[in-house]
Amino acid sequence: MANISPDVGYVREQYNAGKSKNDALNIQYNNKQFQDGDELKRGDTQTEPKVQINVDADSENSHFTLVMIDPDAPQRGNERAGPWLHWIQAGFVGNDIKSGKTLADYQGPAPPSGTGPHQYVFLLYKSDTPTSQHGGSIAVSDSGKRQKYQLKKLEQDLHLQLVAATSYTVIG
């Protein structure tokens, strides 16, 4: 068995900690909202989703960060490349995610054929400070920065507190 990053387990722990508050996070593809745990088709998830935040927060002092990540790369049970980063929008206020900074460009799910289910986890975080300059955005083609993504380091660097989580599955 290949070396599996402890970050895979950490992503799952964060998802489990935040999923009880998944009603705080409304994510839609093609104007269709999914429910936590739904199975979606790969083709329906290739464009950046519409996101609505339903959280009571001090609008001037609460900045949000949204992370989309796949802990099952390249295959559940053999997550040697996981967690795989798919998207980060950081430092936005309220529902205006475009007011923040893109730290990782949106990369739609692309589980390899025959690899079974892949869980795509959305984690919503809050911070009392705006996002600092955290480097440039990670390009879709930059697999070296997307594989084995260190979520805990991002949380520490940006002083993030988990607010909510949700996920869907795409079959590879």
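Side-chain contact between I138 and L103: absent, with no pair of heavy atoms (C-beta onward) separated by less than 4.5 Å. Under the 4.5 Å side-chain criterion, counting only non-hydrogen atoms from C-beta, P112 is in contact with H118. A 4.5 Å side-chain heavy-atom check between D70 and Y149 finds every atom pair outside the cut-off.
The cationic group of K152 lies under 6.0 Å from the six-membered ring centre of Y10 and within 45° of the ring axis, placing it in a cation-pi geometry.
Classification of D142 and R146 as a salt-bridged pair fails, no side-chain N sitting under 4.0 Å from a carboxylate O. Between K148 and E79 no salt bridge is recorded (no basic side-chain N to carboxylate O distance below 4.0 Å).
When ring centroids are compared, Y120 and H86 come within the 6.0 Å threshold.
Partners of Y29 by ring pair (Phe, Tyr, Trp, His ring centres under 6.0 Å), not counting sequence neighbours, listed by chain and number: Y168.
Counting only residues at least two apart or on different chains, no salt bridge (Lys or Arg N to Asp or Glu O under 4.0 Å) pair has a member in residues 14-23.
Ring planes of F64 and F92: tilted class, angle from 30 to 60°.
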Legend entry - Audit row: S167, F122, side chain to side chain contact (heavy atoms under 4.5 Å, CB included) steps and yes/no: CA-CA 6 Å; S167 75; F122 288 86; 6.0 Å; no
Legend entry - Full working for side-chain hydrogen bond (donor to acceptor under 3.5 Å, both in side chains) between N16 and Q14: CA-CA 5 Å; N16 288 329; Q14 290 297 80; over 6 Å; no
